[in-house]
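Written out below as structure tokens is the structure these notes cover.
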Amino acid sequence: MIEPKEVFDISLTVNGERLTRRVQVRTNLADFLRHDLELTGTHVGCEHGVCGACTVTLNGKIVRSCLMFAVQADNCEVQTIEGLSRSGVIKDLQDAFVQHNGVQCGFCTPGMLAAAHALLQQGPLPSRERIRDFLSGNYCRCTGYQAIVDSVQAAANQRARSSMP
Amino acid sequence: MSARETLAARQISRDDSLVGRSIVRPNIRRHTEGGGHFVDDIKLPRMVHVAFLRSPHAHARIVSIDSNAAARMPGVIHVATGKDIAAISKPYVGVLRHMEGLRSPPQYPMAVDVARWQGEPVVAVVAESRAQAEDAIQRVDVGWEVLPAAVNMEKALDPSEPVIHESYGSNLCYRQIVDTGGVDEAFAQAHLVVEDTVNIGRQTGVPLEPRGLIAAYNAADRELTVYHSYQSAHLMQGTLATCFSMEERQIRVIVPDVGGGFGIKIHTYGDEVAACALAIILNRPVKFIADRFESFQSDIHARDHRVRGKLALDREGNILALEIDDLTGIGPYSMHPRSSSIELLEVVLFTGGNYKHKLYRARGTVVFQNKNCMCQYRGVGHPVAFAAMEHLVDQAALKLGIDPAEMRRRNLISDDAYPYTSPSKTRFEILSHQKCLTQLLKLMEYDDLRKEQAKLRKRGIHYGIGLASFFELTNPSPLIYGMGGARIGTVESCTIRLDAGGQIVVHTAICELGQGAETIVAQIAADAVGVELSSVKVISGVDTLSGPTGSGAWASRQTGTVGEAVLQAGLTLRKNILDVAAVVLQTSEEKLDIINGSVVMKDGKRGGNVSLLELARIAYYRGNELPSTCEPLFMATHQFRIKDYDFVFSNGAAGCLLEVDPETGFIDLLKIWCVDDCGRAINPKLVDEQIRGGMAQGIGPALLEHCIYDDQGQLLTCTMADYLLPMSLDVPDIEVHHVQTLTKTSALGAKGIGEAGASAPPGAIMNAVNDALRPFNAKVTRQPITPEVVLEALGKISQVSSVSRQA
């Protein structure tokens with residue numbers, strides 16, 4: 001059994017900011033972000049990797065921060081919803097979620113946006129089926145998903161229009 | 001119509017009115033930026049964390065508790081047993097006085113002597129971190145004497161079964177009977193009798209944010225402050241006051257952002273009361289956040305009904321009589337404060353309530369069992385009632401060779417028959433079943449769909465089309481809880497004011513769970529006064545200290561009741577503003593109107609304009625400019641309750657299209673349509689979204705969601721990988737249309753929408769599956785309709801595994 005007191009020093013970049021922290025080795029990345037760094041936009045809905053509310057970007061790829069230990073993020077680059085927002089890269093997605101009511105209670109929203117952002121980086125104009133498929137690891141209990149799919153599709157259409165010559 | 005009613009109608013139905021428009025919710029951007037403020041995001045100085053050791057047994061006597069080792073674990077501050085908590089918290093009883101025969105013993109926050117369901121809290125450990133508290137729980141040694149468990153509701157009343165509460169002599173909790181008389185004669189004379197049994201499985205609500213609170217105690221002033229993820233701040237205030245023998249003024253409940261409620265976060269949970277008790281004992285803030293595992297074991301479950309139904313029909317397919325026998329098992333206690341009998345009561349009162357027959361007999365039985373407690377969750381009984389009835393209607397149509405749509409056309413109550421009293425003596429003010437059905441069939445292109453289905457059938461593709469008519473209890477009067485002794489209000493209040501900055505500030509107790517409640521309030525307030533949306537600031541029911549008393553989010557009631565209070569208070573404020581404007585403009589109030597935040601002459605003449613900001617500046621800062629007879633009152637209050645009916649009801653009709661693969665039993669839900677009549681739709685987009693979200697919570701239990709217990713009372717579905725929720729691929733696009741038949745119980749005319757969506761899918765989906773299975777002469781009657789259930793119906797597997805069959 002690992003003694004709970006065992007700690008480890010990690011250095012990582014979170015939302016562009018270089019940090020060094022001493023963490024318990026058993027602390028998962030979600031708890032580290034939420035409690036140690038007070039980045040509470042990352043939500044915890046199940047703590048076993050199903051609901052997707054804790055989705056963040058690690059070295060450019062989306063991960064479930066509840067399924068990773070903070071120590072595994074040593075020397076990594078993490079983007080949480082706070083960082084994605086501040087950088088402006090998902091502003092169109094955020095606008096679309098507001099416009100199409102892709103948000104109800106807001107608990108799934110940060111993870112949903114991180115996932116949607118990853119999808120739109122994969123290529124332009126995903127079909128509704130593709131959006132539903134890609135977001136199937138992010139649960140929403142309020143909307144029934146349609147408004148979220150509408151939001152992502154609207155943002156994708158907007159990007160396609162603005163990239164046209 | 002009184003002058004006031006005329007004015008109300010005018011203000012919300014002008015060309016530029018915001019009511020009736022799909023306004024984008026102005027306050028949700030923060031959620032997209034991670035700026036939500038949920039209870040687990042809050043940290044208080046000296047805050048500690050509690051975790052619970054929960055009973056590993058469905059029924060067991062606590063022989064001993066040794067917590068010495070746990071108390072010595074790192075970070076541990078306190079260990080408390082059920083007895084320790086009971087020493088400062090009174091037990092509660094989930095009984096309503098007006099429901100004759102309903103019984104349930106006093107329930108303590110944590111098990112004392114005997115644990116009665118797997119998951120009941122037994123020992124609380126408080127530590128510096130949640131992880132340390134969980135570590136210490138592993139070191140608590142509880143000596144158990146395992147007792148036989150009453151698990152299966154079908155057997156709960158057998159003399160051979162263990163009795164959970166000895167003094168009761170049996171596991172009966174409540175029985176309800178309705179009988180119009182004449183039912184037996186109708187069945188004897190009927191051309192056709194259709195009989196079947198429908199089983200609706202146990203499910204739970206799974207708000208994505210688990211239950212949680214932070215309790216902080218100020219011993220010097222004897223004041224308890226609770227930050228609570230909850231659907232009604234005032235309800236919790238009353239509950240805690242009772243538990244701790246405190247005055248309500250000593251308890252302040254603050255509800256931050258709530259990550260979904262759905263009826264899960266409106267009951268009294270022992271772990272939450274215990275966390276508050278610990279804050280009092282320790283005199284420091286205690287945080288409790290349920291993890292998902294314990295949420296499945298302790299969040300209320302719902303449904304789990306077995307309905308035997310019987311329909312008598314004449315040759316033309318007219319329903320002559322209906323009989324049902326409903327059985328439900330609710331766990332070891334009736335839940336406080338709403339009681340666990342309401343779901344069954346609603347099945348008994350509402351089954352068949354949309355159809356014309358006059359003869360009805362119903363028997364409902366609620367039994368105790370050693371499983372987690374059940375109580376009211378989105379839809380409350382309605383999904384069960386409509387699954388059973390719509391199934392019977394379809395079975396009758398099949399036997400008579402009548403199309404299911406035609407069958408409903410013949411039997412649904414005519415729209416001009418309202419007000420209508422059903423055989424269960426339920427009074428309906430005004431519903432539109434026929435109109436909704438007609439619009440639904442048009443929306444679905446029903447006849448073409450049938451042709452398409454026939455074509456595909458020839459190619460071995462099995463589409464099913466299912467219909468369900470439904471209605472939904474909304475805007476309750478005190479009849480439902482208050483008169484039974486529960487501190488659950490049905491009055492809503494609004495205080496609205498024009499502040500010195502020219503802003504309209506609206507105080508209500510409305511509870512925003514993501515429905516858009518605050519937006520609805522803003523739209524109504526803006527129209528009532530005559531200002532733009534951006535001039536309205538809504539303060540919702542987040543704090544018992546600062547807001548008016550209200551009852552929160554349940555029974556699809558907030559728009560209809562809070563909304564009316566807002567409308568009326570807003571009209572009064574408008575009048576008060578015009579009184580002052582008339583003095584300033586040296587004219588009479590009748591000649592003035594307020595448009596977009598400015599007082600203008602009704603006849604359009606110039607020179608008569610003054611902005612609300614300028615009026616506010618005069619009133620608040622330059623009163624010297626007003627004659628001494630003019631006393632501005634830029635504040636108005638209104639309280640509202642439903643008076644003329646016990647409940648208002650909304651209604652609708654839904655249809656679904658799906659494909660069944662007879663080889664695998666897989667069901668592919670292709671499309672859902674819904675025509676809903678919620679009265680006046682304040683914000684049609686938000687109405688659509690309530691329907692869609694509600695329907696997803698009806699699709700889940702119809703096809704996927706199931707709380708499965710083994711025969712020892714062990715819950716087998718404690719993770720989201722075992723309890724299957726609809727994912728984005730499981731919910732098809734849902735097309736929603738509206739009929740708007742206004743209720744006259746309020747000037748606003750809004751009936752309510754929150755729960756309606758959940759009611760239709762179990763019936764519509766089951767009918768569609770059976771429609772698809774028709775060529776195979778097979779049918780399903782058990783939900784969730786898993787592939788296993790379909791294959792069993794097709795005779796491809798001999799029997800559904802005993803585990804998933806467990807009711």
Side-chain angles (χ1 to χ4, degrees), chain A residues 4-5 24 26-27 31 34-35 38-51 53 80-86 90 93-95 97-110 113 128-129 131-149, chain B residues 22 24-25 28-38 40-41 43 74-75 129 131-132 135 205-210 257-262 289 291-293 512-516 685-686 688-689 691-697 699 719-721 725-734 757:
Chain A
K5 276 187 181 167
Q24 292 201 349
R26 68 172 179 179
T27 300
D31 284 350
R34 287 181 50 74
H35 302 313
E38 300 187 333
L39 292 166
T40 53
T42 299
H43 296 154
V44 173
C46 74
E47 293 177 281
H48 50 259
V50 179
C51 80
T80 67
I81 186 67
E82 289 89 348
L84 289 172
S85 292
R86 204 173 50 212
I90 59 166
L93 269 168
Q94 291 168 317
D95 290 345
F97 269 65
V98 171
Q99 199 61 37
H100 295 269
N101 209 56
V103 178
Q104 280 195 31
C105 79
F107 201 77
C108 75
T109 309
L113 281 164
R128 287 181 82 76
E129 198 64 12
I131 296 169
R132 285 186 183 278
D133 186 31
F134 195 87
L135 297 182
S136 64
N138 288 73
Y139 284 35
C140 169
R141 293 292 292 150
C142 296
T143 63
Y145 300 105
Q146 188 168 331
I148 292 172
V149 176
Chain B
S22 295
V24 171
R25 287 170 66 198
I28 56 174
R29 179 162 294 275
R30 64 196 170 87
H31 284 303
T32 72
E33 298 181 354
H37 194 238
F38 298 91
D40 193 36
D41 303 341
K43 281 183 186 173
S129 74
Q132 288 173 324
D135 288 342
V206 199
L208 206 55
E209 179 210 26
D257 283 330
V258 176
F262 319 123
I289 306 290
D291 68 25
R292 189 51 65 188
F293 196 83
E512 175 67 86
L513 302 169
Q515 328 88 314
K685 169 68 174 168
L686 294 180
D688 290 354
E689 291 307 304
I691 288 282
R692 292 192 179 109
M695 285 197 143
Q697 293 191 10
I699 291 166
T719 75
M720 285 168 96
L725 293 161
M727 301 186 292
S728 46
L729 279 170
D730 299 316
V731 185
D733 281 347
I734 297 169

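In what follows, every chain begins at residue 1, and chains take the letters A, B, ... in the order their sequences are listed.
- Heavy-atom pairs under 4.5 Å with chain A peak, among B:A696, B:G259, B:S129, B:G261, at B:G259.
- Within the 4.5 angstrom heavy-atom criterion, atoms from both the backbone and the side chain of B:P726 approach chain A.
- With a 4.5 angstrom heavy-atom cutoff, A:Q99 touches chain B via backbone and side-chain atoms both.
- For chain A, the nearby part of B:L513 is the backbone; its heavy atoms alone come within less than 4.5 Å.
- Ranking B:G75, B:G205, B:G35 against chain A, the residue ahead of the rest is B:G205, based on heavy-atom pairs under 4.5 Å.
- Contact of A:R86 with chain B is not made at all, since no heavy-atom distance falls under 4.5 Å.
- Of the listed residues (A:I148, A:T27, A:D31, A:D95), the one with the most heavy-atom contacts under 4.5 Å to chain B is A:D95.
- Side-chain contact between B:D40 and B:E209: absent, with no pair of heavy atoms (C-beta onward) separated by less than 4.5 Å.
- Take B:F38 and apply the ring-ring contact (aromatic ring centres under 6.0 Å, His included) test, not counting sequence neighbours, and it matches A:H43, A:F107, B:H31.
- Of the listed residues (B:V206, B:D257, B:I691, B:I699), the one with the most heavy-atom contacts under 4.5 Å to chain A is B:V206.
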Task: Chi angles and distances behind the side-chain contact (heavy atoms from CB on, under 4.5 Å) call for B:R29, A:Q94 - done: CA-CA 7 Å; B:R29 179 162 294 275; A:Q94 291 168 317; 4.1 Å; yes
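- Taking B:Q697 as the reference, B:Y377 meet the side chain to side chain donor-acceptor pair (under 3.5 Å) condition, with sequence neighbours excluded.
- In this structure, chain B has a heavy atom under 4.5 Å from the side chain of A:E38, while its backbone stays farther away.
- Remark: B:K685 engages B:E689 in a salt bridge, criterion side-chain N to carboxylate O under 4.0 Å.
- Residue B:F262 touches chain A through its side chain alone, counting heavy-atom pairs closer than 4.5 Å.
- Within the 4.5 angstrom heavy-atom criterion, atoms from both the backbone and the side chain of A:H35 approach chain B.
- When each of B:G36, B:A721, B:S22, B:A131 is checked for heavy-atom pairs under 4.5 Å with chain A, B:A131 comes out on top.
- Residues B:D730 and B:P732 approach most closely at O-CD, 3.7 Å, considering heavy atoms.
- Put simply, OG1 on B:T719 and NE2 on A:H48 are 4.5 Å apart, with the number rounded to the nearest 0.5 Å.
- Comparing B:S728, B:G693, B:G514, B:G34 by heavy-atom pairs within less than 4.5 Å of chain A, the highest count is held by B:S728.
- Among A:V44, A:I81, A:I131, the residue with the largest count of heavy-atom pairs under 4.5 Å with chain B is A:I81.
- Options A:V149, A:T109, A:V98, A:V50 differ in how many heavy-atom pairs under 4.5 Å they form with chain B, and the most are formed by A:V98.
- A:Q146 contributes atom CD, which lies 6.5 Å from atom CD1 of B:I734 (distance to the nearest 0.5 angstrom).
- Between B:R692 and B:D733 there is no salt bridge, since none of the side-chain N atoms of the basic residue sits less than 4.0 Å from a carboxylate O of the acidic one.
- For A:S85, the part sitting under 4.5 Å from any heavy atom of chain B is the side chain, from C-beta outward, and nothing else.
- The residue among A:L135, A:N101, A:L113, A:L39 with the most heavy atom pairs within less than 4.5 Å of chain B is A:N101.
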Open item on the list: Please determine whether side-chain contact (heavy atoms from CB on, under 4.5 Å) holds for the pair B:L208 and B:M720, giving the CA-CA distance in whole Å, both sets of side-chain angles, and the decisive distance to 0.1 Å.
Closed with: CA-CA 11 Å; B:L208 206 55; B:M720 285 168 96; 4.1 Å; yes
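- For the set A:G41, A:C46, A:C51, the entry with the most heavy-atom pairs within less than 4.5 Å of chain B is A:C46.
- Separation of atoms CG (B:L725) and OH (A:Y139) is listed at 6.0 Å; rounding is to 0.5 Å.
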